[in-house]
Every structure is written in C-alpha cells, then in structure tokens.
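Shown next, in structure tokens, is the structure this report addresses.
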Amino acid sequence: NAYSIYLLARISNLILFIFAVKKALEITPIFKNTMFLIALMPMTVYQCSSLSYDTTIICGSLLLFAYIAKLVSADSSYKIKNSDIVGVAVASLLLFCGKLAYFPLIVILLGISIKKFGNTKRYITCISIVAAAAVIGYLIPAVLMNTATKDAVDTVSENVIAQKEYFMNNLHI
C-alpha cells in the first residue's frame with residue numbers, strides 16, 4: 001500500500017545518508033569530527049530520514065567536500081585515481097539531482113593542479129566526466145517531472161474548461 005511505500009522511501013533515504021556519511025568520513029583527511037557532528041545534528045537527521053530531496057543534496061555535498069579535501073590536501077606526487085573521479089562524479093550527480101544552484105561547488109575542481117591528474121588530456125577528460133554526471137543529475141529529475149506533470153496539466157486544463165462552461169451556462173440559477 002501507499003504507506004508502506006512511503007516508509008520504504010524514508011528508510012531508503014536514511015540508508016543512503018548513512019552510507020554517504022560513512023564514505024565521506026573515510027575519505028576526508030580533514031574535519032572528520034566536524035563532518036560527523038554536522039551529520040548528527042537533529043535537523044540533518046530529520047531531513048535525511050524524511051521523503052525529501054534534501055537527502056541527495058546533503059549526501060552529495062558531504063561526499064564532494066570529502067573528495068575535494070582529499071585531492072587538494074594530497075601532496076604533489078599524488079596522482080588522482082579513477083575511483084576518485086567516479087566518487088566526485090557520483091557526488092555531483094547526487095548534488096544536482098536536488099538543485100542546480102550548487103554548480104559553483106563543481107567549479108572548485110578547476111583549482112586542482114593539472115600535475116595531480118597526470119596530463120592535460122586526462123584533466124579535461126576527468127572534468128568533462130564530472131560535468132556530464134552533473135548534467136545527467138539535473139536532467140533525469142527534470143525529464144521525469146515534465147513527463148509526470150504533462151498528463152496532470154492536460155487533465156487540469158480540461159477540468160477548468162468544463163467548469164468554466166458549466167458556470168457560464170448556469171448563470172441564471
């Protein structure tokens with residue numbers, strides 16, 4: 001029934017949040033205690049256990065911060081791995097499923113030295129992969145909402161026209 005689906009969705013949001021916080025705490029080299037305390041704040045736990053898109057925004061921002069902190073604070077001999085790029089792409093996908101306003105957080109990637117990527121071609125490829133994940137993260141909910149609301153808008157328009165005709169035809173009452 002609908003209530004069971006609602007509870008399952010809330011539990012799924014909470015499980016996503018728990019795994020994202022765990023992964024972010026494993027990755028980040030700095031501010032582990034601060035991230036842990038932010039994750040345990042009552043409002044954060046409430047939002048991430050509700051049926052809201054805030055869960056994806058919070059998870060995406062925590063993961064993105066953790067990966068960026070790892071990549072920026074690493075010494076110059078560190079070469080960025082493919083798993084790091086996949087992690088940043090997943091974080092940007094989660095972040096952009098919520099809102100497009102978080103785009104400046106992705107721009108921080110441009111501050112990472114090209115030497116850590118190995119060469120310019122890999123740098124451009126990695127930035128393009130993250131940007132593509134961000135665009136996909138924005139387009140999927142937008143297309144789904146457009147598809148879901150198109151029929152509803154058509155139905156509402158038909159109902160409004162029918163109500164208007166009824167009202168106009170029955171003014172004498």
Side-chain angles (χ1 to χ4, degrees), residues 9-41 43-45 47-150:
R10 288 184 65 179
I11 291 170
S12 299
N13 269 356
L14 187 60
I15 290 171
L16 171 69
F17 173 68
I18 290 169
F19 283 122
V21 169
K22 180 184 178 296
K23 185 70 174 171
L25 290 174
E26 289 173 357
I27 294 168
T28 188
I30 56 173
F31 298 121
K32 287 182 188 260
N33 291 335
T34 305
M35 285 179 69
F36 183 68
L37 290 174
I38 289 172
L40 286 182
M41 291 181 84
M43 193 63 190
T44 306
V45 174
Q47 285 180 332
C48 291
S49 63
S50 69
L51 192 58
S52 171
Y53 65 87
D54 291 329
T55 303
T56 60
I57 292 172
I58 292 169
C59 293
S61 60
L62 286 174
L63 285 171
L64 187 64
F65 173 79
Y67 274 108
I68 296 296
K70 175 186 174 185
L71 298 177
V72 169
S73 66
D75 56 350
S76 59
S77 64
Y78 180 77
K79 298 295 181 202
I80 295 176
K81 302 173 190 166
N82 290 338
S83 61
D84 295 333
I85 297 304
V86 169
V88 172
V90 168
S92 65
L93 183 93
L94 287 172
L95 201 57
F96 284 101
C97 278
K99 288 185 181 174
L100 190 59
Y102 295 101
F103 180 75
L105 294 177
I106 300 298
V107 176
I108 297 172
L109 285 174
L110 300 175
I112 299 172
S113 173
I114 295 176
K115 293 176 185 174
K116 290 185 181 179
F117 286 93
N119 56 30
T120 307
K121 182 180 177 185
R122 188 162 189 271
Y123 174 77
I124 293 171
T125 303
C126 293
I127 299 296
S128 300
I129 289 170
V130 172
V135 168
I136 290 170
Y138 173 72
L139 288 179
I140 289 173
V143 169
L144 290 176
M145 287 300 286
N146 189 18
T147 304
T149 58
K150 184 178 182 295

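Scope of the values below: all heavy atoms of this structure, side chains included, with no hydrogens, waters or symmetry mates.
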task: Please step through side chain to side chain contact (heavy atoms under 4.5 Å, CB included) for the pair Ile136 and Ile140, ending with a clear verdict.
output: CA-CA 6 Å; Ile136 290 170; Ile140 289 173; 3.5 Å; yes
task: For side chain to side chain contact (heavy atoms under 4.5 Å, CB included), just list the numbers for Phe96 and Ile106, CA-CA rounded to whole Å, side-chain angles, deciding distance to a tenth of an Å, and then say yes or no.
output: CA-CA 10 Å; Phe96 284 101; Ile106 300 298; 3.3 Å; yes
- prompt: Checking side chain to side chain contact (heavy atoms under 4.5 Å, CB included) against Tyr67, which of Leu109, Ile27, Val72, Val90 comes through?
  reply: Ile27
- line: Interatomic distance, OG1@Thr28 vs CG@Leu63, rounded to 0.5 Å, equals 10.5 Å
Over all atoms of both residues, closest heavy-atom pair of Ile129 and Ala89: CG2-CB, 4.4 Å
query: About how many Å separate CG of Leu139 and SG of Cys97, when rounded to the nearest 0.5 Å?
result: 10.0 Å
task: Check for a donor-acceptor pair, side chain of Lys116 on one end and backbone N or O of Ala74 on the other, with a separation under 3.5 Å.
output: yes
query: Between Thr55, Asp54, Ile57, Asn13, which is the residue that forms a side chain to side chain contact (heavy atoms under 4.5 Å, CB included) with Gln47?
result: Asp54
Rounded distance (nearest 0.5 Å) linking atom OG of Ser61 with atom CE of Met35: 8.0 Å
- prompt: Between SG of Cys126 and NZ of Lys81, what distance do you get to the nearest 0.5 Å?
  reply: 14.0 Å
query: Would the number of heavy atoms belonging to other residues, nucleotides or ligands and lying under 6.0 Å from CG of Asn119 be above 12?
result: yes
query: For Ile80 and Ile112, what are the C-alpha separation, side-chain angles and deciding distance, and is it a side chain to side chain contact (heavy atoms under 4.5 Å, CB included)?
result: CA-CA 10 Å; Ile80 295 176; Ile112 299 172; 4.0 Å; yes
statement: Note: Leu93 and Ala133 closest approach over all heavy atoms is CD1-O, 3.3 Å
- prompt: Roughly how far, to the nearest 0.5 Å, is OG of Ser92 from OH of Tyr138?
  reply: 15.0 Å
- prompt: How close do Glu26 and Lys32 get, heavy atom to heavy atom, and via which atoms?
  reply: O-NZ, 3.9 Å
Nearest heavy-atom neighbours spanning Ala24 and Leu62: CB-O, 3.8 Å
task: Please say whether more than 12 non-hydrogen atoms of neighbouring residues, nucleotides or ligands are located less than 6.0 Å from OH in Tyr78.
output: yes
- request: Answer yes or no: does atom CZ of Phe117 have more than 12 heavy-atom neighbours from other residues, nucleotides or ligands under 6.0 Å?
  value: yes
query: Would you say the side-chain atoms of Ser49 pair up with the backbone N or O of Val45, donor to acceptor, closer than 3.5 Å?
result: yes
Least distance between heavy atoms, Ala69 atom then Pro29 atom: O-CG, 3.8 Å
- request: Just do the side chain to side chain contact (heavy atoms under 4.5 Å, CB included) check on Ile38 and Phe65 with the steps written out, would you?
  value: CA-CA 13 Å; Ile38 289 172; Phe65 173 79; over 6 Å; no
message: With a 6.0 Å cut-off (strictly less than), is the heavy-atom count around NZ of Lys79, excluding the residue itself, greater than 12?
response: yes
Rounded distance (nearest 0.5 Å) linking atom CG of Leu95 with atom OG1 of Thr56: 8.0 Å
